[in-house]
Number of protein chains: 2
Amino acid sequence: MPPSLSDRLTESILGIIRDGGLRPGDAIPSARELAKRFAITTPTVREALRKLEATGAVEFRHGSGTYVGPTINNVVLANPHRPPITKDSVLQLISARLVIEPAVAAQSALARRAENLERLEAAVTNALVPPGGPAFALNFHVELAAASGNPLLQEVLASLLKVRVREQQQIRALYDNRGRDHKEHQAIVEAVRAQDAVQAERLTREHLDNIRRAVESSPELS
Amino acid sequence: MPPSLSDRLTESILGIIRDGGLRPGDAIPSARELAKRFAITTPTVREALRKLEATGAVEFRHGSGTYVGPTINNVVLANPHRPPITKDSVLQLISARLVIEPAVAAQSALARRAENLERLEAAVTNALVPPGGPAFALNFHVELAAASGNPLLQEVLASLLKVRVREQQQIRALYDNRGRDHKEHQAIVEAVRAQDAVQAERLTREHLDNIRRAVESSPELS
DNA sequence: ACTCACAAACTGACTAAATCACTTAGCCAC
DNA sequence: GTGGCTAAGTGATTTAGTCAGTTTGTGAGT
């Protein structure tokens, strides 16, 4: 079965973006322009663009244009259509993080670099900012992975931790303990700064274990 | 900015699928039927379906219908539009796997269960089947993650290891060492069967280190 | 009774030509 | 300058239809 016109179109549009050296935030040709260039109609172009939109490769801005999206170069993605969370799915997520994150923390301690440490410390302090503050608050656990120097690890953690804004509030209301989290985050950062991989790994495991306990003993999700 | 009609539509279609208890492979209403039900036109419905197609939530079969896709319940996804691989990106991937997989192997050794072991052993033997054989060959490293009992870890590994078929051949031609891989895989399986987490972790790390060395000393990608 | 060819009937794929809604940039008056 | 208006460009959606595959049932022939 030959790939559909829509499939070939998405590849062509990606080609335009990559061959043109366009980066996230740059504008791409309008849908009408693309339709003319490929000698097809606009609904077909829009179908291809919607596919790219679903993976964050492009973004629509009504009245303005279509732009390269933030995750166009990602290898893994958070599923934008993921099923709604349940208590079980949250526990499953924490179990997976208990496997992955301690090893990531150890790696970050070994690879720690100046600019990563700065962002990591910013994430620790930002965590105390009440909700409704800055739109794109740094997530401590994502920044901890970023400090490893491997963008793929950052992608994995960001994808695992990305939940809908609505649900994030729900989770925080039930499980969050800002004070304790902040202290534990600080301890992890200190271990990373000291390049103490063993300690970073241990503290991260304990931190996630505490979170798991909080979730286990919490009431059901609505 | 209110969510677009297309966005609301994808949510509604997902609602139809989930509320109807539909599972991967089941047929969903036709585009014309959905258009009638929501009192909109077919191009708009198609845009919404294309978004769902991009994340594997639905699949089109020309002339037959639209069906629930295999990854509708995933939390993380392999980016279907990921950039083409380079030698550097392959090394980056192996570095990330060196952080994650040893910990996963240890977890799988602790949690090993009968049915998982069976699939794991099948993956080891399947690895010797020459290409062109079964369409969906089990991937040893994905099955190793599956043996942990946590579907999220399996998703992460599957997403990291999913590369285009074309590129897979390219990689194999350059780096693969079937005989050595098979031996090392067998050793890992034995450690898992013996529930020896420390050994499983060590063997997995060494295995990936060997792969990394093979890649580092290989010629550039075309 | 069985089988095979064939013809609806249904499905997705795509076209064509508009109209509406929103954003941006330029211009002009104040 | 600064505010507001306007015009051009853009995405959003509609309407109506054609083309191309797949499935299924029917009926003729065996």
Side-chain angles (χ1 to χ4, degrees), chain A residues 1-14 16-17 20 22 24-72 80-81 135, chain B residues 1-14 16-17 20 22-72 80-81:
Chain A
M1 57 206 84
S4 76
L5 172 56
S6 176
D7 285 332
R8 281 176 284 138
L9 242 189
T10 57
E11 290 301 322
S12 300
I13 294 172
L14 282 172
I16 289 177
I17 295 173
L22 301 182
D26 291 346
I28 68 175
S30 74
R32 285 177 178 83
E33 161 72 19
L34 290 171
K36 205 177 297 178
R37 195 183 303 192
F38 293 109
I40 55 179
T41 54
T42 58
T44 307
V45 171
R46 287 181 62 79
E47 280 186 29
L49 288 172
R50 283 289 185 205
K51 291 199 355 186
L52 293 172
E53 184 200 22
T55 64
V58 306
E59 275 179 356
F60 292 106
R61 294 185 208 161
H62 189 166
S64 174
T66 309
Y67 300 81
V68 178
T71 62
I72 186 172
H81 307 306
Chain B
M1 57 202 86
S4 76
L5 173 55
S6 176
D7 286 333
R8 279 175 286 138
L9 241 190
T10 58
E11 290 301 322
S12 300
I13 294 171
L14 282 172
I16 289 177
I17 294 174
L22 301 183
R23 301 169 41 130
D26 291 346
I28 68 175
S30 74
R32 284 178 177 85
E33 162 71 20
L34 289 171
K36 203 177 296 179
R37 196 183 302 192
F38 292 110
I40 55 179
T41 55
T42 58
T44 308
V45 171
R46 288 181 61 80
E47 280 186 29
L49 288 173
R50 284 289 186 205
K51 292 200 353 186
L52 293 173
E53 185 200 19
T55 64
V58 307
E59 275 179 357
F60 292 105
R61 295 184 208 161
H62 189 165
S64 174
T66 309
Y67 300 81
V68 178
T71 61
I72 186 171
H81 308 306

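Every chain is numbered from 1, with letters handed out A, B, ... down the list of sequences. None of these values were measured; they are calculated from a predicted model.
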Euclidean distance, atom CG of residue B:L49 to atom P of C:dT11 [Å, nearest integer]: 13 Å

Can you measure A:I13 atom CD1 to D:dG11 atom P for me and round it to whole angstrom units? 11 Å

List the residues meeting side-chain hydrogen bond (donor to acceptor under 3.5 Å, both in side chains) with B:D7, not counting sequence neighbours, and say none if there are none. B:S4, B:K51

Show me the pairs that pass side chain to side chain donor-acceptor pair (under 3.5 Å) and involve residues 28-37 of chain B, at least two apart or across chains. B:E33-B:R37

Across all chains, not counting sequence neighbours, the side-chain contact (heavy atoms from CB on, under 4.5 Å) partners of A:T44 are A:L5, A:L9, A:I40, A:T41

Round to the nearest Å and state the distance from A:K36 atom NZ to C:dA16 atom P. 14 Å

Which donor-acceptor pairs under 3.5 Å do side chains of residues 61-69 of chain A form with protein atoms, sequence neighbours excluded?
{"unit_1": "A:S64", "atom_1": "OG", "unit_2": "A:Y67", "atom_2": "OH", "d": "2.5"}

What is the distance from CG of A:D7 to C1' of C:dG12, rounded to the nearest Å? 13 Å

Between C:dC10 (P) and B:L34 (CG): distance, integer Å: 16 Å

Applying side-chain hydrogen bond (donor to acceptor under 3.5 Å, both in side chains), name anything that partners B:E59, two or more places apart in sequence or on another chain. none

What does the B/S/- profile of nucleotides 13-24 of chain D look like, 5' to 3', with a 4.0 Å heavy-atom cutoff to protein? BBB--B-BBBS-

Measure from the side-chain N and O atoms of B:S6 to the backbone N and O of B:E47, and report whether any donor-acceptor pair falls under 3.5 Å. no

